[in-house]
Structure formats: structure tokens, C-alpha cells
Amino acid sequence: MAVSAKRRWTGAGRRLLATAPAALLCTAFVLAGCGDMSRFQTASHPSAKHAKPARTAVQTPAAEREHERILASYGGAYDDPRLEALINKTVARLVAASERPDLTYKVTILNSGAVNAFALPTGQLYVTRGLLALANDTSELSSVLSHEMAHVLAKHAAIREDQARQAALVSHVVAEMGTDPDLSALALAKSKLTLASFSRAQEFEADGIGVGISARAHFDPYGAARFLTAMERNAALKAGKSSLDPRSQDFLSSHPATPERIQNAQANARQYSAPAQGERDSEAYLDAIDNIVYGEDPSEGFVRGRRFLHPKLGFTFQAPEGFSLDNTAQAVIGVREGGSQAMRFDVVRVPAEQKLTEYLNSGWMENVDKASTEELTINGFPAATAVANGEQWQFRVYALRFGSDVYRFIFATRHKTTESERNARETVSSFRRLTLSEIQAARPLRIKVITVQPGDTVESLSHRMAGVDRPAERFRVLNGLDPRAQVKVRSRVKIVVD
């Protein structure tokens, strides 16, 4: 939630969750480089060898609009000259080894902790800093970049563009259908929407093309299998701490790493070399990612446990016990373990002269019980609350005026209980201004590359990790260590520090 995200949130003012997720859906389909193959099946398409020439990375007006939408959804561009130099050097090697060395690609690093990468049909490639932090060497990075290049070469990305136009039309229809509180609750319980998919055949085709490109560029072709495994483990770690979809906005939502796909990547690699023969270039890679921001950027607001803090906007609140929070571009989403309760926190434009009680009854949400509307003061801030009822979900809504903005807390529960009401009330009551010292202390987490010393163990090194849950497991995932593997003296490893 960057400061600019306040503007992105304002579209939610008329309807509870119909308009904003629809807008997000339009963006998500366009952004997707690959898709969850279990959702939208499409026919297989010719390989790159027989495909029509792909377009180069030309900044057409349409491509520029998509680029701006991508930046808005993923926290903007991440400026790091060392990383950019490494990526550009890697791409140059891959392009030279591809079947279309005449094509031009442009890579943008996105300022997002999500683990994702995708391509536009024009040859614009995107990788998040979250993905870069997870990879351990240049061959793993090359496997991601060559996979996305393969989708462009095989014209898969152009097919996705057609799907995006159809999705935008469907989304417009959904937005105009009005508000169904039960459908809204379904959207509320998911942190982000599933992206459109490439077919199973297209994903496997891109894997095969990408591994071949990496191998011909003299990178270790087994990097693809290693990185797919790392992302599967990373997703499992996220799933262990949260009932939210662990693949939301991440690479695995658009690049499903099934065991079969990992085996296929290994089989593709064996066609080119034996294990440990290709170039990994781990030293240069670790040098480049040393000090990279890890996880959420505090300038966009961030989650620490059950607390959400936004230093730039100057506020914080805490979710109820048992809730997991997820900070998205559209809102902060919270889901209770088991999915029986959920919450959404966002911002809307409300005229200064309009009372908050009037706003709650203005029709942006259907089935509001006007008799339940109540004017409140919460920690010195003007506020109002009301109840809305659906067939399957019950809603408790709060609107709170903070400076020139109005923030909404929308709580959904299957069955209204004393506990659900208390959870809502205590969450809203925890909303307060951040102190100056809290704002000054809000630094981003970073990756630090260190050298293993005699006596160091996974356990001792993980104890040096800051701001992460399950540090020992996180350390293993970040460094590609199997559950029983131990660190080696004088090897270089990544830890998370503040």
C-alpha cells in the first residue's frame, strides 16, 4: 500500500467488493506471464522453431499502459544498478543462444516481495525482487528469464493478450451487475484473484525451450529444476503460516511447479549435460543480491505478525488473534484460520461535509441495516459502524476518518457471534497514529550474504535472522538446503536482517 495506492483504493467507494476486484482482475490477466493450468485450458501451439516472429520490446502506447499498470500493481520499479547489470548481462547471453538472436528484450525489476516473473508479448520481461532474493545463482535466474522468453518466442504471450481483452469485458459486466454480499464475501476471503492460465502443453513447451536456451548459453540447465523446487518449498512455507492462498500473486500462481514438471525439467536438462557441469556463477549472483530489500517495503505499508503499519501515512492497527494479514495493492486482507471470518481494510473518498453515518447508508453496500448505524469516536477519530446481512455472510462495517481520508474496516463472518463482534471491535479500536520513534524504526528487511564460519550451524545462523517467522525453515528455503543438509564452512549463505 504505497502512498499512491491511496488513489488506487478509491475505486472501491461505490460498491463493497465488486468494483475494486474487477479492476484488479483486468490488471491480473494482463500481467500474467503464465497461468494456473488447472483453470483455463487452451490448445497447444507450435514451438518457437515454427512460430511467427515475435515482436521486439517496442514501447507502443498499449505496451506503455500495461507497463504502468504492472508498476502500480507491484510497488513500482526497484532501482539497483548491480542487479540490473547482472540481469542485462544474463539476458544478453540468453538472447545470443536463442533461435531469435535478433530480438530485443527489456527487463524491469519490480519492487515486490512476491516471487513472480512474467512477459508481455512485446518482449518486456518482469522479475520481482522477491524472486531474485529466493534464487541462489545466475543459472536459476537464467531459467526464469529463458522460460519467459520462450513464452514470447512461442507466441504464448500474444495468446494471453487476447484472453486479457476477453477477461476485461467479463470484468466490466461483473462490475455492473450490482452488489451481492455473498459474492463479495467470496472475493473478500481470497487475497488476490487467480490469473488466467497457459495450457499444460504451453507450460511444458516453454520449459523445454527455456532449458535449451540456458544450456546453449552455458548456464547449468538444472537451474530450472532447482528453482521450481525452491518455489514449491517457499509456497509450502507460506501456506504453513497462513490460510491465505500461498500462491497469490506469486510465481506459482502462474507457473505451477508440480512434481511432474520438475521431473520434466530434469529430463530436459539431462539432454544437454550431466549434473554440476554447467555454469552457476553463484559468487557473482550473491554479490549482486547482497543488501536487496526482502519482503514488504515499509514505504507501502507492511505486516509484522498480526499488525499492519504504514509509516508514510502514519497509522497502525492489529488484527484479531488467529488472523493472517496480507497487504495487497487494493487493500489489506485478513483471513482467520479455517476461513470462517475475514476482514478487509481499505480507503475511500468521502466528502468532508458528509457524515460517516450517511456514507454507510449511501448505497455502496446492499442490505445495510440502517437501524444498526451508529456514530462513534475511536481513539479520538470520528467513526461510524453498521451491519449488513447476506444469506451466507454477515457483515460488520466501520468507517473511520483519519485526516482527509476515510478508512473502512469490513468484517465478514459466516455466523454472527459475540466473538466475531469482539474481534471487529478490538481491531478497529487498535487503529492509532504511529509515534515518531515507530516511524523512524520502520526499516525494510534486507538480504545479507555472509560466509559460514567454523562452528556455525543452520540453527545458529537462523537465530541471526530478523523479522521472519520459522527462521530455520526460512533459512533452508532461502539457501536451497534440504531439510537435513548442513552448512559448509567458508560457503556463502543468505540471512535476513533489519
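Quantities reported herein were computed from a predicted structural model and do not represent experimental measurements. Because only heavy atoms are used, hydrogens play no part in the values below, and waters and symmetry mates are left out as well, while side chains stay in.
Taking OG of S146 as the start and CZ of R93 as the end, the distance is 12.0 Å to the nearest 0.5 Å. Interatomic distance, CG of L445 versus CE of M465, reported as 9.5 Å (0.5 Å rounding). How far CD1 of I213 is from OG of S143: 11.5 Å, rounded to the nearest 0.5 Å. To the nearest 0.5 Å, atoms CZ (R307) and OG1 (T316) are separated by 4.0 Å. How far CZ of R82 is from CG of L86: 10.0 Å, rounded to the nearest 0.5 Å. Separation of atoms CG (L434) and NZ (K312) is listed at 14.0 Å; rounding is to 0.5 Å.
Salt-bridge check for R261 with E232: failed, with every basic side-chain N at 4.0 Å or more from each acidic carboxylate O. For R65 and E68, the salt-bridge test fails: no basic side-chain N is under 4.0 Å from an acidic carboxylate O. Between R129 and D80 no salt bridge is recorded (no basic side-chain N to carboxylate O distance below 4.0 Å).
Side-chain atoms of T108 and L110, non-hydrogen and from C-beta on, do get closer than 4.5 Å to each other. Put simply, the side chain of S142 reaches to within 4.5 Å of the side chain of L94, judged on heavy atoms. Contact annotation: the side chain of E99 never approaches that of I209 to less than 4.5 Å [non-hydrogen atoms, C-beta and beyond]. Annotation: side chain of R349 is not in contact with side chain of V406 (no heavy-atom distance under 4.5 Å). Using a 4.5 Å cut-off on side-chain heavy atoms (C-beta onward), M231 and L228 make contact. E140 has its side chain out of reach of L134: every pair of non-hydrogen atoms, C-beta onward, lies at least 4.5 Å apart. Counting only heavy atoms from C-beta outward, the side chains of D281 and D137 never approach each other to under 4.5 Å. Contact of the V428 side chain with the F411 side chain is registered, since non-hydrogen atoms from C-beta on lie closer than 4.5 Å.
If you run ring pair (Phe, Tyr, Trp, His ring centres under 6.0 Å) between F409 and each of F402, F345, F308, Y398, only F345 comes through.
Proximity of a side-chain donor or acceptor of R306 to a complementary backbone N or O of Q318 within less than 3.5 Å is not detected. Under a 3.5 Å cut-off, the side chain of T128 and the backbone N or O of N116 do form a donor-acceptor pair. Judged by distance alone, the side chain of D290 and the main-chain N or O of V449 form a donor-acceptor pair under 3.5 Å. Side chain of N136 to backbone of L478: a donor-acceptor contact under 3.5 angstrom is found.
Between A206 and A150, the shortest heavy-atom contact is O-CB, 3.6 Å. Scanning all heavy atoms of the two residues, the minimum distance from R233 to G480 falls at NH1-C, 4.1 Å. Among all heavy-atom pairs drawn from L83 and A288, the shortest one is CG-O, 3.6 Å. Between A388 and E366 the shortest heavy-atom distance is CB-O, 3.9 Å. Minimum heavy-atom separation, W364 to S362: CD1-OG, 3.4 Å.
Under the 3.5 Å distance criterion, with hydrogens and angles disregarded, a donor-acceptor pair is assigned to the side chains of Y359 and R408.
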Run K494 and Y294 through side chain to side chain contact (heavy atoms under 4.5 Å, CB included) and show every step you take. CA-CA 11 Å; K494 297 175 287 186; Y294 180 80; over 6 Å; no
Begin with the C-alpha distance, continue with both residues' side-chain angles, and end with the deciding distance and a verdict on side chain to side chain contact (heavy atoms under 4.5 Å, CB included) for L125 and I87. CA-CA 11 Å; L125 309 181; I87 291 172; over 6 Å; no
One pair to check against ring-ring contact (aromatic ring centres under 6.0 Å, His included): F381 and Y407. What are the steps and the verdict? CA-CA 11 Å; F381 305 117; Y407 292 97; 9.5 Å; no
Verdict with supporting geometry, Y78 and D297, side chain to side chain donor-acceptor pair (under 3.5 Å): CA-CA 10 Å; Y78 184 72; D297 188 335; over 6 Å; no
Applying side chain to side chain contact (heavy atoms under 4.5 Å, CB included) to E66 and T122, what does each step give before you reach the verdict? CA-CA 11 Å; E66 298 311 323; T122 55; over 6 Å; no
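A parallel orientation is assigned to the rings of F317 and F315, their planes being inclined by less than 30° (bins at 30° and 60°).
With sequence neighbours excluded, no residue forms a ring pair (Phe, Tyr, Trp, His ring centres under 6.0 Å) with F323.
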